[in-house]
**Q** 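Sharing a structure below in structure tokens format, with a few things to ask.
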Amino acid sequence: MINVLLFAHLRETVGEEKLVIEAEKMSVSDVKAWLEARYQLELSTVMSAVNEEFAMDHTIVQSGDVIAFIPPISGG
Amino acid sequence: MINVLLFAHLRETVGEEKLVIEAEKMSVSDVKAWLEARYQLELSTVMSAVNEEFAMDHTIVQSGDVIAFIPPISGG
Amino acid sequence: MTARFEISSEPLVVDDVTQKVVSRNAGAITVFIGTVRELTKGKKTVSLEYEAYPAMAIKMFEQIEREMHEKWPEAQLAITHRVGKLDITDIAVVIAVSSPHRKIAYEANEFAIDRIKQIVPIWKKEHWEDGTEWIGDQLENVPYRAGAPKEELDD
Amino acid sequence: MTARFEISSEPLVVDDVTQKVVSRNAGAITVFIGTVRELTKGKKTVSLEYEAYPAMAIKMFEQIEREMHEKWPEAQLAITHRVGKLDITDIAVVIAVSSPHRKIAYEANEFAIDRIKQIVPIWKKEHWEDGTEWIGDQLENVPYRAGAPKEELDD
């Protein structure tokens, strides 16, 4: 299973800060498509991180991994 | 009378932080010469301030004024 | 010693961060204190809310430290970023840098805040009198690739 | 409100200086903390002694503030300089600058310390294991004229 973390407006839109996808292996693109199919989200331009490192759309996420979606940041 | 303030190594060489010269009017150069005649000091390159403002060698010091000699500074 | 990089939901104490970089070889410490200001582009902020992805934020602070050490090996860095609700003049972030010489302490500190705004996953939600919004580069449309995300220029 | 420019014979408290520049319009506060470091040019300092001409030093701080406002009208400045005997890691000077935006807070703060080292009548006496010396630009041989004295480059 794949753990999905959501922050800021993504968290508010989905209404959850964490989701679980029952899958062994997906690309980041696959996860984006999975979310877009279920929620009112546009993720094509949103950054992602796999296990706390920035990732690419073609990065592979394995069962047990944590994928986080990172909207444009505004800290500091 | 003219008040003379000394700092840092000038103060230590003279052994006083304040001197008084019984005079009505002197230039900064005159005060330097007065001090050099009495103490082991070389003041030709030392900055001065009259009444807390940087002064020139030809600046006139009047009775009641405070002239301070400002060795190379090293604050901060 | 306390960790030099922290995400905190408690009010920040500047001196706690500064103390972490004190060193017998430091002649200079620079501290950056990011505070909540009332007006941004003429609009009045009532309060702010910060959210972070803490585990990744700490990793990114550590990456910033590595980058800083490549440029300035002698500099030392500590950062704490606040999360939760903040009022006007509250402290959002404290960055402390020490260095034997002052020029580097200024440069490394400014480097750190610039990089925080580029790569550390923290988000700010503005609360105005007439609504709220998650702040970010609303025009950003290129996902993160090899380099850093585009820098925010708004403050 | 306490004076924004001070010469103090008591240990400096960074936050006391920083508080003087807090403002609802400040998004950034930069603080410079000058500390006594152990090694300068390979020589080991045991302690330091600072002496000031306080009345003139305050006037010079005010002049620096005027110069700063000409360049950056929105910046606010507070400075306290210590005098007396200091040990390694003790704080010699604290400079706090606030500004709506961070770039100016860094620039104005660095401007202030550069100018302090040029025009504020404060002297440092180094105490080494084998002697003492009043520090200054020992090569300086041009008295102050229209401009500023030559800048110290040693830290």
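Below, read A as the first sequence line, B as the second, and so on, with proteins coming before strands; counting in each chain starts at 1.
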**Q** What is the minimum heavy-atom distance between C:Pro121 and A:Ile70, and which atoms define it?
**A** CB-CD1, 4.1 Å
**Q** For a 4.5 angstrom cut-off between non-hydrogen side-chain atoms, does A:Leu35 reach A:Leu43?
**A** yes
**Q** With a 4.5 angstrom heavy-atom cut-off, could you sort out which part of C:Ile116 is near chain A: side chain, backbone, both or neither?
**A** both
**Q** Could you give all pairs that pass the salt bridge (charged side-chain N to carboxylate O under 4.0 Å, His left out) test and reach residues 74-86 of chain C, with sequence neighbours left out?
**A** C:Lys85-C:Asp87
**Q** Using a 4.5 Å heavy-atom cutoff, which residues in residues 2-12 of chain A come close to chain C?
**A** A:Leu5, A:Leu6, A:Phe7, A:Ala8, A:His9, A:Arg11, A:Glu12
**Q** Could you tell me if the side chain of C:Glu126 sits less than 4.5 Å from the side chain of C:Trp134, heavy atoms only?
**A** no
**Q** Mark yes or no: C:Lys44 above the aromatic ring of C:Trp128, with NZ or CZ under 6.0 Å from the six-membered ring centre and no more than 45 degrees from the axis.
**A** no
**Q** Determine, for C:Glu107 against C:Arg102, whether the closest basic-nitrogen to carboxylate-oxygen distance falls under 4.0 angstrom.
**A** no
**Q** Strictly less than 4.5 Å between heavy atoms, which residues of residues 47-56 of chain C line up against chain A? Please order them by number.
**A** C:Tyr50, C:Glu51, C:Ala52, C:Tyr53, C:Ala55, C:Met56
**Q** Between A:Gly76 and C:His81, what is the shortest heavy-atom contact and its length?
**A** N-NE2, 2.9 Å
**Q** May I ask you to decide whether C:Glu67 forms a salt bridge with C:Arg115, counting only side-chain N to carboxylate O separations under 4.0 Å?
**A** yes
**Q** With sequence neighbours excluded, what pairs up with C:Asp15 under the side chain to side chain donor-acceptor pair (under 3.5 Å) test?
**A** none
**Q** Measuring only between side-chain heavy atoms, which start at C-beta, is C:Leu77 closer than 4.5 Å to C:Ile95?
**A** yes
